[in-house]
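Step one of this worksheet: look at the structure below.
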Amino acid sequence: MKKVWAIIRKDIITELRTKELITSMLTFSLLVTVTFSFAFGFSAEIVRQAVPAMLWITFSFAGVLGLSRSFALEKEGNAVLGLLLTPTDRSLIYFGKMASNTIFVFIVGMIIVPMFVIFFNLGLLSTMLPLIPVVFLGSLGFVAVGTLFSAMAVNTRLREVLLPILLFPIIIPLIVSAVKLSGIVLAGKPFSEGTSALQLLIAFDIIFLAACAVVFEYVIEES
């Protein structure tokens, strides 16, 4: 755990100094949210149906923006080589990078939700609290796969294009489940109505966390 925490701490300190990842993700999210709010003159009923999809579209593209820079920073400073030369299990490097990316993406996700609350006139307390576990589980699965593909794409010249091409087909079940659960929350329905979507979301997180940790060792050796 000390090695995982050391990687997390290093990423947090680097982000606090540069403010590169969160700033770019938040700027993009704000622009998309404002565009959505001005582009659609929805009635209250249609807003409840459309906002979950718009929320996760914004979240997904902002997340890709951050993930594309995750290993790029390591590559520019040749820090990947430094990590590989340390006597650290490769899976611990994965969990460290994955955890720090999850923190950044989750923070941005929890800022995107209030943006939607303001621009689409949603209930703050009735929306924020139930959406916290949905955003967390969505962030975890999204970053679990995205961290692996970010490491794969970092050596390519078209990494900003390659990452979403690799990532989005894999995370379709996660996005669909997250949109369904968010729709249930915004409709004011009991969380139990989304049990199957919640189970799928949790299963996705567990399966891809384990699978990506195993595959990461081979990916990072080739990077």
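Everything quoted here is computed from the prediction, not taken from an experiment.
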Under 4.5 Å between any side-chain heavy atoms of Leu137 and Leu174, yes or no?
no
Leu31 reachable from Ile118 in the ILVMFWY side-chain graph, under 4.5 Å edges:
no
State, with a plain yes or no, whether a side-chain heavy atom of Val108 is found less than 4.5 Å away from one of Ser29.
yes
Spell out, yes or no, whether Val134 and Ile184 are grouped together once hydrophobic residues are joined by side-chain heavy atoms under 4.5 Å, including indirect joins.
no
Does Phe119 form a side chain to side chain contact (heavy atoms under 4.5 Å, CB included) with Leu30? I'd like the steps, not just the answer.
CA-CA 10 Å; Phe119 283 98; Leu30 180 60; 4.3 Å; yes
What is the distance from atom CD1 of Ile13 to atom CZ of Arg9, rounded to the nearest 0.5 Å?
4.0 Å
Rounding to 0.5 Å, atoms CH2 (Trp5) and OG (Ser100) come to a distance of 10.5 Å
Under a 3.5 Å distance rule, please check whether Thr58 uses its side chain to pair with a backbone N or O of Val32 as donor and acceptor.
no
Do the side chains of Phe116 and Met110 join up, straight or via other hydrophobic residues, at under 4.5 Å, putting them in one cluster?
yes
Under 6.0 Å between ring centres, would you say that holds for Phe61 and Phe168?
yes
Contact check, side chains of Met98 and Leu209, non-hydrogen atoms, under 4.5 Å:
yes
Between CG of Asp205 and CG of Leu200, what distance do you get to the nearest 0.5 Å?
9.5 Å
CD1 of Ile175 to CD1 of Ile57: how many Å apart, nearest 0.5 Å?
9.5 Å
Closest non-hydrogen atoms of Ser182 and Leu55, given as atom of the first, atom of the second and distance, are OG-CD2, 4.4 Å
Less than 4.5 Å apart, side chain to side chain, heavy atoms only: is that true for Phe204 and Ser177?
no
In the single-linkage hydrophobic clustering (I, L, V, M, F, W, Y; side-chain heavy atoms under 4.5 Å), do Ile172 and Leu163 co-cluster?
no
Take atom CZ of Phe28 as the centre, draw a 6.0 Å sphere, and report whether it contains more than 12 heavy atoms from other residues, nucleotides or ligands.
yes
I'd like to check Val143 versus Phe208 (side-chain heavy atoms, cut-off strictly below 4.5 Å). Are they in contact?
no
Going hydrophobic residue to hydrophobic residue with side-chain gaps under 4.5 angstrom, can you get from Ile132 over to Val179?
yes
Heavy-atom closest pair, residues Phe59 and Val105
CZ-CG1, 3.4 Å
Parallel, tilted or perpendicular: rings of Tyr94 and Phe216 (30°, 60°):
tilted
Between atom CG of Leu148 and atom CG of Leu167, what is the distance when rounded to the nearest 0.5 Å?
10.0 Å
Any side-chain heavy-atom pair of Thr147 and Cys212 under 4.5 Å:
no
Return the CE to CG distance between Met25 and Leu67, rounded to the nearest 0.5 Å.
7.5 Å
Evaluate the side-chain proximity of Leu162 to Phe149: yes if any heavy-atom separation is below 4.5 Å, no if none is.
no
If you compare all heavy atoms of Ala99 against all heavy atoms of Ile8, which two are closest, and at what distance to 0.1 Å?
CB-CD1, 3.5 Å
Is any side-chain heavy atom of Phe120 less than 4.5 Å from a side-chain heavy atom of Phe36?
yes
